[in-house]
Amino acid sequence: MLSSQLSRRLGWKLVRPEIRRFPDGEIYLRITSPLKGEEVVVVESLSPPQNDHLAELLLLLDLCRDLGAKKLTAVIPYLAYARQDKRFKEGEALSIKTVARLLEVVDKVLVVEAHSKEALSYFRRIEEVKCFSLLGNHLATLGLRNPLFLSPDEGSIERVKEAAEAAGAEFDYLQKERLTGTRVKVERKKIDAKGRDVVILDDIISTGGTVVEACKSLKGARKVLACCVHGLFVRDAVTRMRKAGISRILSTDTVESRHSQITVAPAIAEHL
Ligand code: R5P
């Protein structure tokens with residue numbers, strides 16, 4: 001777990017709150033360790049079920065304040081709602097702004113690779129932990145043949161470039177248009193993939209739709225891997241990607257799953 005890794009690295013005490021559910025679904029929280037005058041760091045990822053995790057985080061932060069925490073930091077490895085950073089259609093909720101307001105109770109928020117600069121702009125005190133070079137370092141150990149790192153949309157070019165530089169690999173990008181929550185259209189572009197090991201890199205893999213579409217541009221690749229920071233893998237995302245020919249799926253531990261092979265603990269620890 002990220003919280004235990006962080007406490008080990010930094011030599012800080014690890015406190016595990018008691019978290020249960022009341023029969024009607026409400027959250028029960030209790031912290032028995034004394035927090036008065038302490039500097040407290042609460043680590044909670046807003047992965048699915050994100051609404052439950054958000055409620056838990058808000059209750060936990062307020063409890064820490066009530067118990068006398070002097071300085072309060074929220075480490076949110078995966079920040080949910082960051083993709084709702086604009087009013088794409090009139091009348092839509094700017095949900096990340098609401099989340100930012102709710103988090104104003106803390107002295108500092110730390111997030112790992114937030115989806116966009118716009119999402120960050122709604123927070124008063126926030127730091128973003130960058131980690132695409134960690135992804136690149138890990139990918140460099142996999143013995144990939146003539147690797148090509150591919151960004152499935154323009155929004156991730158800078159990040160993919162960072163990973164490619166760390167791994168000494170080439171990179172390219174596609175352009176993507178989102179049609180619905182589960183369907184995307186990726187431009188048909190000829191990518192020089194013949195005989196190469198291609199890694200599709202993204203900040204988030206949710207339904208896997210983006211990776212599947214990007215995969216269609218990679219004719220003749222020797223292997224295609226998918227690598228992301230936040231592996232949400234909702235519904236049949238993993239099966240979809242496997243069927244599309246993805247031979248390996250890797251993610252970090254901002255959202256823990258069997259694909260979490262890269263830890264972001266060292267990058268977070270540098271900000272604490
Ligand atoms: C969106 O712009 C993100 O960077 C990801 O590309 C997106 O969230 C991936 O979602 P999915 O796996 O559902 O296509």
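What you see is a predicted model, and the numbers here were worked out from it, not measured in a lab. Order of listing sets the numbers, starting from 1, for every ligand and every atom in it.
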**Request:** Determine whether more than 12 heavy atoms belonging to other residues, nucleotides or ligands lie under 6.0 Å from atom CZ of Arg145.
**Result:** no
**Prompt:** Are there more than 12 heavy atoms of other residues, nucleotides or ligands under 6.0 Å from atom NZ of Lys130?
**Reply:**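 Enclosed.
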**Prompt:** For Val229, does its backbone N or O pair with a side-chain atom of Thr254 as donor and acceptor, under 3.5 Å?
**Reply:**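 Looks like yes, one N/O pair under 3.5 Å.
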**Request:** Please identify which atoms of ligand 1 are closer than 4.0 Å to at least one heavy atom of Asp203.
**Result:**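 With Asp203 as reference, the close atoms of ligand 1 come out as 3 (C), 4 (O), 5 (C).
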**Fill in**
Taking only non-hydrogen atoms of Gly208 and a 4.0 Å limit, the atoms of ligand 1 in range are 11 (P), 12 (O), 13 (O)
**Request:** Using side chain to side chain contact (heavy atoms under 4.5 Å, CB included) as the criterion, list what pairs up with Gln175, not counting sequence neighbours.
**Result:** Glu154, Glu187
Check each heavy atom of [X] against ligand 1 and say whether those closer than 4.0 Å belong to the side chain, the backbone, both or neither.
{"X": "Val211", "result": "neither"}
{"X": "Thr210", "result": "both"}
{"X": "Ile204", "result": "both"}

**Item:** Same apolar cluster (I L V M F W Y, side chains within < 4.5 Å links), Ile76/Leu61
**Value:** yes
**Fill in**
Hits for ring pair (Phe, Tyr, Trp, His ring centres under 6.0 Å) against Tyr78, two or more places apart or cross-chain, chain-then-number order -> His230
**Prompt:** With only distance considered, is Ser156 within less than 3.5 Å of ligand 1 through an N or O on each side?
**Reply:**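 No, Ser156 has no N/O under 3.5 Å of an N/O on ligand 1.
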**Asked** Counting both backbone and side chain atoms, is some N or O of Ile205 under 3.5 Å from an N or O of ligand 1?
**Response** no
**Prompt:** Can you tell which of Arg83, Glu113, His115 gets a heavy atom nearest to atom 2 (O) of ligand 1?
**Reply:** His115
